[in-house]
Q: 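Just dropping this structure here.
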Amino acid sequence: MKLSEIPAVLREIGVSPVKTLGQNFLHDNNLARWIVDQADLNANDYVVEIGPGLGALTEFALEKGARVLAIEKDNRLMQFLRERFADENFEIVHGDALQFDTRPLCAQPRVKLIGNLPYYISSQLLIKFLDYPSPISLSLFMLQKELAKRLGAAPRTRDYGALTLQIQLRYRVEYLRTVSANVFIPKPDVDSAIVRITPRAHGELPGCDSGVFHRLVRRGFSQRRKQLGKLTREEVHNWETIAAELGLDARARAEEVSLEQWIAITNRVAPLEPAKTKDPPEERFQLVDQRDLPLGGAPRSQVHANNLLHRAVHVLIFNSKGEVFLQLRSRSKDRYPLRWDSSAAGHVTEGETYDQTALRELEEELGIQTALKQVAKLPASDRTDSEFIGLYFGSYDGEIRPNAAEIEAGRFLQPALVDEWVKARPDDFASGFLECWKIWREKNP
Ligand code: SAM
């Protein structure tokens with residue numbers, strides 16, 4: 001929409017821009033087209049747009065053939081947007097983007113997020129939509145320039161801080177360009193910038209306990225001028241040694257510490273036991289014959305290398321809303337890292353029963369105890385990696401504290417959503433889970 005058209009449209013629909021909703025409408029069509037180009041959209045994309053306003057970006061996203069779900073808080077714009085984009089690829093939701101449930105997005109094959117964000121809640125929106133793990137493969141935002149600089153900042157700069165590290169731990173941030181306040185109507189008091197945010201590739205950075213990472217970072221930046229060792233004294237007991245090992249001055253301040261060094265500090269404070277310590281190579285699994293009758297034990301490495309028949313359990317935990325808890329497997333797992341899996345799962349060790357393993361895994365992985373019921377037994381096959389699987393069901397409504405060494409993240413999800421997700425993106429899941437979920441849904445449609 002051109003500069004000259006916006007006041008006329010606003011008059012026609014009886015809307016005057018509201019400052020409290022961060023309403024500054026983009027009137028530069030070339031820029032709007034350029035912004036949307038940076039998201040590399042095509043007909044396979046499902047785009048979520050936060051705050052479409054009068055549709056400056058929406059128009060070009062639809063032009064690319066993408067489906068667009070727009071979330072707009074201002075009810076006065078609804079009718080206008082519906083009429084302007086009477087397109088089967090366009091859907092609009094009236095509401096606050098901060099309240100939007102992102103979980104159903106998992107059922108879409110490829111999700112991208114765009115928005116010329118309302119500046120009064122930009123940071124909250126970023127944290128909400130980028131909350132890890134997220135199904136969003138790319139985010140393209142227009143932000144207040146200062147915030148954009150903070151997101152992409154490097155160590156030893158004024159902009160580098162807790163928010164930088166919070167986002168950069170999981171995402172790459174590219175500062176694409178600065179945008180003058182003149183391209184908006186009404187003209188805001190500040191300049192803007194475009195950033196593109198994409199998830200980091202698997203293995204790009206070492207893993208760490210993200211809860212501890214964020215806590216240390218927040219403490220470290222709570223008083224920027226103070227030495228990090230002093231601010232984190234309560235948690236980082238041997239700071240001098242750690243600093244020396246990481247090549248840091250013991251008097252370093254938080255802003256001098258790189259992302260990789262923050263991860264290393266986190267791992268010194270709260271080491272992630274490598275996943276193999278749970279099932280170390282010398283640990284012996286229960287071997288079985290074709291009828292699942294016990295044969296004796298063999299070391300884990302031999303079992304997997306030779307596809308020997310063995311036993312495993314999968315546990316599905318449901319809450320009282322009927323949602324199932326799924327875990328994202330740790331990035332340090334040797335099998336299916338960063339794939340979604342049953343609430344808890346693991347191998348039956350030599351001499352252990354299925355029931356004992358199920359209770360043990362539940363406690364080790366989720367830190368909980370609850371009664372479990374075996375609901376199925378799956379035969380060993382290629383799809384189960386030669387495992388006979390005991391499938392268990394349990395109910396739990398309390399707090400779940402996943403073991404960070406085993407589990408990257410966890411979510412409660414409606415079973416119908418899991419069905420759609422499995423259909424849309426089966427590669428997001430460990431194969432044993434797919435087998436178990438199929439059986440569970442056959443029994444509990
Ligand atoms: N995308 C349009 C453009 O580029 O011209 C409008 C951008 S304007 C900066 C921000 C938009 O976000 C406005 O349409 C405003 O009504 C909307 N908005 C403000 N708060 C919102 C919220 N909490 N949830 C969804 N939309 C919101």
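Indexing begins at 1, ligand by ligand and atom by atom, following the structure's order.
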Q: Of all the atoms in ligand 1, which lie at a distance below 4.0 Å from a heavy atom belonging to Ile71?
A: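 Counting from 1, the qualifying ligand atoms are 25 (C), 26 (N).
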
Q: Report yes if some N/O of Leu54 lies less than 3.5 Å from some N/O of ligand 1; otherwise report no.
A: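 No.
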
Q: Give the residue and atom name of whichever protein heavy atom lies nearest to atom 9 (C) of ligand 1, and the separation in Å to one decimal.
A: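 For atom 9 (C) of ligand 1, the nearest protein heavy atom is Gly22 O, 3.0 Å.
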
Q: I'd like to know if Arg33 pairs up with Glu63 as an ion pair, taking the criterion as any Lys NZ or Arg NE/NH1/NH2 lying under 4.0 Å from an Asp or Glu carboxylate oxygen.
A: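 A salt bridge links Arg33 with Glu63.
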
Q: For ligand 1 and Ala97, I'd like to know whether there is a polar contact (N/O to N/O, distance under 3.5 Å).
A: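 Yes.
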
Q: In sequence, state the C-alpha distance, the side-chain angles, and the governing distance for Glu408 and Arg331, and then conclude on salt bridge (charged side-chain N to carboxylate O under 4.0 Å, His left out).
A: CA-CA 7 Å; Glu408 192 85 5; Arg331 63 186 64 233; 2.7 Å; yes

Q: For ligand 1, is there an atom lying under 4.0 Å from some heavy atom of Asn24?
A: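 Yes.
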
Q: Can you find a non-hydrogen atom of Tyr120 under 4.0 Å from ligand 1?
A: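 Yes, Tyr120 has a heavy atom closer than 4.0 Å to ligand 1.
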
Q: Looking only at distances, please establish whether an N/O atom of ligand 1 is found under 3.5 Å from an N/O atom of Asp74.
A: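 In fact, backbone or side chain, Asp74 has no N or O that close.
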
Q: Looking only at atom types and distance, does a side-chain atom of Ser431 sit under 3.5 Å from a main-chain N or O of Arg383, one as donor and one as acceptor?
A: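 Yes; judged by distance alone, with no hydrogens or angles, the pair exists.
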
Q: Of the protein's non-hydrogen atoms, which lies at the shortest distance from atom 12 (O) of ligand 1, and what is that distance?
A: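 Going atom by atom, the protein heavy atom closest to atom 12 (O) of ligand 1 ends up being Gly51 CA, 3.2 Å.
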
Q: Are Arg441 and Asp419 ion-paired here, with the side-chain N under 4.0 Å from a carboxylate O?
A: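 Yes, this pair counts.
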
Q: Return the OG to CG distance between Ser258 and Leu165, rounded to the nearest 0.5 Å.
A: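 Here the interatomic distance stands at 9.0 Å.
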
Q: Tell me which protein heavy atom sits closest to atom 4 (O) of ligand 1, plus the residue, atom name and distance to 0.1 Å.
A: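 The closest one turns out to be Asn116 ND2, 2.8 Å.
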
Q: Report yes or no: is the cationic atom of Arg170 (NZ for Lys, CZ for Arg) under 6.0 Å from the centre of the six-membered ring of Tyr132, at an angle within 45° of the ring normal?
A: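 Judged by the rule (NZ or CZ under 6.0 Å from the ring centre, within 45° of its axis), Arg170 counts as positioned above Tyr132.
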
Q: Does the Asp28 side chain pair with the main chain of Asn30, one donor and one acceptor, at a distance under 3.5 Å?
A: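 Judged by distance alone, yes, a pair lies under 3.5 Å.
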
Q: Would you kindly say whether Thr232 and Glu235 are connected by a side-chain donor-acceptor distance under 3.5 Å?
A: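 No.
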
Q: Can you tell me if Ala32 has a non-hydrogen atom under 4.0 Å from ligand 1?
A: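 Per 4.0 Å heavy-atom rule, Ala32 does not contact ligand 1.
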
Q: For ligand 1, which atoms have a heavy atom of Lys73 less than 4.0 angstrom away?
A: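 Those of ligand 1 that fall under 4.0 Å from Lys73 are 21 (C), 22 (C), 23 (N), 24 (N), 25 (C), 26 (N), 27 (C).
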
Q: Hey, what's the ring geometry for Phe100 with Phe129, parallel, tilted or perpendicular (30° and 60° as the breaks)?
A: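 Parallel: the ring planes of Phe100 and Phe129 meet at under 30°.
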
Q: For atom 19 (C) of ligand 1, what's the nearest protein heavy-atom neighbour? Residue, atom name and distance, please.
A: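 Of the protein heavy atoms, Leu21 O, 3.1 Å lies nearest.
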
Q: Please determine which of Asp397, Leu362, Val324 meets the side chain to side chain contact (heavy atoms under 4.5 Å, CB included) test together with Ile317.
A: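 Exactly one pass, corresponding to Leu362.
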
Q: Heavy atom under 4.0 Å from ligand 1: found in Tyr119's side chain, backbone, both, or neither?
A: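 It is neither part, as no heavy atom is under 4.0 Å.
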
Q: Ligand 1 and Pro118, any nitrogen or oxygen pair closer than 3.5 angstrom?
A: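 No - when backbone and side-chain N and O of Pro118 are compared with those of ligand 1, no distance drops under 3.5 Å.
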
Q: With atoms numbered from 1 as shown, which atoms in ligand 1 lie under 4.0 angstrom from a non-hydrogen atom of Gly95?
A: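 Counting atoms of ligand 1 from 1, those under 4.0 Å from Gly95 are 24 (N), 25 (C).
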
Q: Distance to 0.1 Å, residue and atom name: give those for the protein heavy atom nearest to atom 16 (O) of ligand 1.
A: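 Sorting protein heavy atoms by distance from atom 16 (O) of ligand 1 puts Glu72 OE2, 2.5 Å first.
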
Q: Kindly confirm or rule out a cation-pi arrangement of Arg411 over Trp340, judged by NZ or CZ under 6.0 Å from the six-membered ring centre and within 45° of its axis?
A: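 That pair does not qualify as a cation-pi contact.
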
Q: For atom 23 (N) of ligand 1, which candidate among Asp96, Ile185, Ile114 provides the closest heavy atom?
A: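 It is Asp96 that holds the nearest heavy atom.
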
Q: Going by the atom numbers of ligand 1, which of them fall below 4.0 Å from some non-hydrogen atom of Gln23?
A: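 The list of qualifying atoms is 13 (C), 15 (C), 16 (O).
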
Q: For Ile121, which part has a heavy atom under 4.0 Å from ligand 1: side chain, backbone, both, or neither?
A: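 Contact part for Ile121 vs ligand 1: side chain (C-beta onward).
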
Q: Report yes if Leu26 has an N/O atom closer than 3.5 Å to an N/O atom of ligand 1; otherwise report no.
A: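 By distance alone, the answer is yes.
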
Q: In terms of side-chain heavy atoms, does Asn182 have a donor or acceptor partner in Lys187 at a distance below 3.5 Å?
A: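 Lys187 and Asn182 do have a side-chain donor-acceptor pair below 3.5 Å.
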
Q: After noting the C-alpha distance and the side-chain angles of Tyr392 and Ser342, does the key distance pass the side chain to side chain contact (heavy atoms under 4.5 Å, CB included) rule?
A: CA-CA 10 Å; Tyr392 287 79; Ser342 304; over 6 Å; no

Q: Does Pro52 approach ligand 1 within less than 4.0 angstrom via side chain, backbone, both or neither, non-hydrogen atoms only?
A: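 Pro52 to ligand 1: backbone contact only, side chain stays beyond 4.0 Å.
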
